[in-house]
Amino acid sequence: MLTNAPKGTKDILPNQVYKWHYVENAFREACSRYVFKEMRTPVFEHTELFTRGVGDTTDIVEKQMYTFEDYGKRSITLKPEGTSPVVRSFVEHKLYADVQPSKFYYIIPCFRYEKPQSGRLREFHQMGIEIFGTNNMMADAEVIGFASDFLNSLGLHDLELRINSIGCPECRETYRQALRDFLKDKYDDLCDTCKGRYDRNPMRILDCKSPVCQELSKGAPYMLDYLCEDCKIAFDDLKKNLDAMEIPYIIDPGIVRGLDYYTKTAFEFVTNQIGAQGTVCGGGRYDYLIEQIGGPPIPGVGFGLGIERLQLLLEASGGAIPKPDNLDVFVAVMGERAKIFGLKLMRDLRKQGFKTEMDSLGRNIKGQFKYADRLSSNYTIVIGDNELDQNMVTIKNMKTSTQKQVPLQDIIKEIVE
RNA sequence: GUGGGUGUAGUCAAGCGGUUAAGACACAGGGUUGUGGCUCCUGCAUUCGUGGGUUCGAUUCCCAUCACCCACCCCA
């Protein structure tokens, strides 16, 4: 147990971490082009932020949060998602007094007590963006367009973008009732899980996997048909914007976000290449969240993108992430004098910006070359008594297997070319 | 929370009731007392996730337990 990471957590090992750097750097660059500024918030927050923000009847809040009491008797929760903390910080620091709209991004760990499976962990990582302060569907389109561009930039082109409108609190309740009315006399035939959904979230019944429920829900009304005028205009607007930006999408009336704060726009980027958990990126609009948390009535829209799922997808789609070079120079030494000399040389080379390494296990010269090879060094510098006596070093190009003796002062010149 | 699958070295694995647990890769050392990638040699599991049970005998059969994986649910 002592040597096992906790269930649902994963170490990112040194030979894998370059993939994370690559993806994170690409994301930061995209954010820079789209003019989103990073916001860093604590790993934990007051529990109430999430019960109020995410919604206290959601699965996340009901049974998935890592909540504990600290020594000051405060109820603390490890972030289960990224949006509420950004909202909290926005309100706390009164950033709505800055020029609007506000555009933020974050790269964070999230924690949910889940049963782990492929693409689902208890600690996972999200990159996300948020736009606060505009009702304009341009913002929704920008957020979706950002996700699309970012994914494309990683060589991922065949993700499916699904969009939907889940309405505002008013029209959604009308719709739910319409759905219940439709299913009322079919209730007894629904599967057990859907019987539970009937009261709580009848919209879920529509995408139940059970063939019986699928049959029963045929002909059921769509949320899209129950949108109020305002929501309908917004959805049409969104589609118009996406068309203008030439972003392909499919309308999926089955999309329902699991966090209560969403309104109107809901979207997902989905793949079938990484198992059952195929939603790589999910987001939408949340017009009442900021107000609910105690801020002014300011609307917002954003998305969260799962880094682990992204990595799985990159793996599955063969998207090659370039491996960084391991080593420029290996300094091989023979004897005590050479070692002392090599130590200084290694330090100089590193100061000059070269990735440089020496052996510290006392390997013989053959062993040192083998080690240099394992580190895929471009050059190996050999220092022995001969070299020291002549004030020269031997430089071997490991790729071409050629070597020559050069004066000490010419080492760097030799390596650079 | 519910279901299914798997657990033999760092990794991939064979063995499936009988004396010392194949093999490959990796790793370490050597063949060459100053030169890597190829080749050759040597080393590398008193033990088969853990604990019980059955048996003269268990890595092999049974039970429990733990871990990992996958799916449902839900989500990133």
Side-chain angles (χ1 to χ4, degrees), chain A residues 1 3-10 13 15 54 58-64 79-83 107-128 147 191-194 196-197 200-201 204 207-210 255-259 262 266 268-271 274-283 302-313 327 330 332-335 338 359 361-388 394-403 405:
Chain A
M1 172 180 170
T3 55
N4 268 82
K7 194 182 187 73
T9 65
K10 274 214 166 40
L13 299 175
N15 65 350
V54 174
T58 57
D59 275 14
I60 292 177
V61 169
E62 272 189 339
K63 45 190 187 188
Q64 300 192 134
K79 282 185 201 174
E81 58 105 29
T83 301
I107 301 176
I108 56 164
C110 291
F111 306 86
R112 293 183 199 169
Y113 190 84
E114 298 251 23
K115 188 142 179 196
Q117 72 186 72
S118 181
R120 180 203 272 165
L121 294 165
R122 290 185 175 177
E123 183 195 31
F124 62 102
H125 296 78
Q126 276 194 9
M127 305 188 290
C191 72
D192 288 346
T193 37
C194 282
R197 289 162 165 161
R200 207 170 125 178
N201 194 350
R204 274 276 164 217
D207 64 353
C208 178
K209 309 289 183 292
S210 145
I255 290 185
V256 183
R257 311 263 74 221
L259 291 77
Y262 284 111
E268 294 181 354
F269 284 85
V270 186
T271 176
I274 59 171
Q277 308 303 316
T279 303
V280 175
C281 174
F303 71 69
L305 194 154
I307 304 183
E308 284 82 357
R309 288 182 188 178
L310 187 60
Q311 297 292 359
L312 285 176
L313 181 56
L327 203 60
F330 185 87
V333 297
M334 280 165 288
D359 162 65
L361 296 184
R363 291 178 170 92
N364 60 23
I365 188 66
K366 179 192 169 89
Q368 292 183 58
F369 263 92
K370 204 167 179 176
Y371 181 38
D373 188 56
R374 286 303 314 271
L375 299 177
S376 54
S377 180
N378 290 321
Y379 292 91
T380 298
I381 293 178
V382 184
I383 304 163
D385 288 337
N386 297 344
E387 284 81 4
L388 291 172
T394 301
I395 296 183
K396 180 167 185 173
N397 181 323
M398 300 294 277
K399 306 290 185 240
T400 62
S401 286
T402 56
Q403 67 180 40
Q405 294 222 321

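Within every chain, numbering begins at 1; the chains are lettered A, B, ... in the order of the sequence lines, protein sequences first and strands thereafter. In this text the structure is predicted, and so the values were computed from the model without any measurement. The figures that follow rest on heavy atoms only: side chains count, while hydrogens, waters and symmetry mates do not.
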Closer to the 5' end of RNA chain B via nearest nucleotide, is it A:Ala276 or A:Glu308? A:Ala276

To the nearest angstrom, how far is A:Asn15 atom CG from B:G10 atom C1'? 12 Å

Could you give the distance separating B:U2 and B:U59 at their P atoms, to the nearest angstrom? 33 Å

A:Tyr262: what forms a ring pair (Phe, Tyr, Trp, His ring centres under 6.0 Å) with it, not counting sequence neighbours? none

Could you tell me how far B:C61 sits from B:U55 if I compare only their C1' atoms? Round to whole Å. 10 Å

Please report the distance separating the C1' of B:A58 from the corresponding atom of B:C16, rounded so that it comes out in whole Å. 10 Å

Carboxylate-amine/guanidinium proximity below 4.0 Å for A:Glu114 and A:Arg120: yes

With both distances under 3.5 Å as the test, what is the Watson-Crick or G-U wobble partner of B:C74? none

Describe the nucleic acid contact of A:Gly119 in one word from base, sugar-phosphate, nothing, applying a heavy-atom distance below 4.0 Å. base

Considering all heavy atoms of both residues, which atom of A:Met398 and which atom of A:Ala372 are nearest to each other, and what is their separation? CE-CB, 4.2 Å

Test: A:Arg112 cationic atom under 6.0 Å from A:Phe124 six-membered ring centre, within 45° of axis: no

Phosphate oxygens OP1/OP2 of B:A28: is one of them under 4.0 Å from a side-chain N or O of A:Arg363? yes

Separation of B:A28 atom C1' from A:Asn364 atom CG, nearest Å, is 12 Å

Report which part of the nucleic acid A:Glu114 touches: base, sugar-phosphate, or nothing (heavy-atom distance under 4.0 Å, all strands). base

By nearest heavy atom, map A:Arg112 and A:Gln405 onto RNA chain B; which one lands nearer the 5' end? A:Gln405

Assigned partner base of B:C25, Watson-Crick or wobble definition, under 3.5 Å: B:G10

Now, which nucleotide makes the Watson-Crick or G-U wobble pair with B:C68, with each of the two distances under 3.5 Å? B:G5

Would you say A:Gln277 reaches B:A76's phosphate, i.e. side-chain N/O to OP1/OP2 under 4.0 Å? no

Quiz question: going by heavy-atom distance under 3.5 Å, is there a donor-acceptor pair between the base of B:G34 and the side chain of A:Asn386? yes

Looking at every strand, decide which applies to A:Cys281 at a 4.0 Å heavy-atom threshold: base, sugar-phosphate, or nothing. sugar-phosphate

So, does A:Ser118 get its side chain near the phosphate of B:C70, meaning an N or O under 4.0 Å from OP1 or OP2? yes

Pick the P atom in B:C25 and in B:G51, then give their distance to the nearest Å. 33 Å

Nearest-neighbour nucleotide for the A:Arg120 side chain, B:U35, B:C74, B:C68 considered: B:C74

Just to be sure I understand the rule, does A:Ile60 reach a base, reach only the sugar-phosphate, or reach nothing, if contact means heavy atoms closer than 4.0 Å? nothing

Verify the distance criterion only: is there a donor paired with an acceptor across the side chains of A:Gln405 and A:Thr394 at less than 3.5 Å? yes

Given atom CG of A:Leu375 and atom P of B:A26, what is their separation to the nearest angstrom? 16 Å

Can you check the A:Phe369 CZ to B:G36 P distance for me, whole Å? 7 Å

Could you check how far CD of A:Gln64 sits from P of B:C74, rounded to whole Å? 11 Å

Output the rounded distance in Å from CD (A:Gln117) to P (B:G3). 16 Å

Closest heavy-atom pair, A:Ser118 versus A:Leu312, reported as atoms and distance to 0.1 Å, is OG-CD1, 4.1 Å

Which pair of non-hydrogen atoms, one from A:Thr58 and one from A:Val54, has the smallest distance, and what is that distance? CG2-O, 3.3 Å

Examine distances only and state if a side-chain atom of A:Glu81 and a backbone atom of A:Thr83 form a donor-acceptor pair shorter than 3.5 Å. yes

Given B:C69, B:A67, B:G1, which nucleotide is nearest the side-chain atoms of A:Asn4? B:A67

Please classify the nucleic acid contact of A:Gln311 as base, sugar-phosphate, or nothing, using heavy-atom distances under 4.0 Å. nothing

P atom, B:U54 versus B:G15: distance in rounded Å? 29 Å

Partner set under ring pair (Phe, Tyr, Trp, His ring centres under 6.0 Å) for A:Phe269, not counting sequence neighbours: none

So, does the side chain of A:Gln403 form a donor-acceptor pair with the base of B:U35 at under 3.5 Å? yes

When you compare B:G37 with B:U33, how far apart are their C1' atoms, in angstrom units rounded to a whole number? 23 Å

In Watson-Crick or G-U wobble terms, both distances under 3.5 Å, what is the partner of B:U33? none

Where is the tightest heavy-atom contact between A:Gln368 and A:Val333, given as atom of each residue plus distance? NE2-O, 2.8 Å

To the nearest angstrom, how far is A:Gln368 atom CD from B:U35 atom P? 12 Å

Determine the interatomic distance between P on B:U65 and the same-named atom on B:A21; round to the nearest Å. 32 Å

By centroid distance (under 5.5 Å) and plane angle (under 30°), are A:Tyr371 and B:G36 in a stacked arrangement? no

What contact category does A:Val382 fall into here, base, sugar-phosphate, or nothing, at under 4.0 angstrom with non-hydrogen atoms? base

How would nucleotides 37-45 of chain B be written as a contact map, 5' to 3', with B for base contact, S for sugar-phosphate-only contact and - for no contact, using protein heavy atoms under 4.0 Å? B--------

Determine the contact category for A:Lys115: base if any of its heavy atoms lies under 4.0 Å from a base atom, sugar-phosphate if only primed atoms, P, OP1 or OP2 are that close, otherwise nothing. base

If the P atom of B:C69 is compared with that of B:G30, how far apart are they to the nearest Å? 40 Å

Rounded to the nearest 0.5 angstrom, the CD1-CD distance for A:Ile381 and A:Gln403 is 12.0 Å

From NZ of A:Lys63 over to C1' of B:U2, roughly how many Å is that when rounded to an integer? 11 Å

Among B:G1, B:C73, B:G34, which is the nearest nucleotide to the side chain of A:Thr394? B:G34

Taking only side-chain N and O atoms of A:Gln126, does any of them lie within less than 4.0 angstrom of OP1 or OP2 on B:A76? no

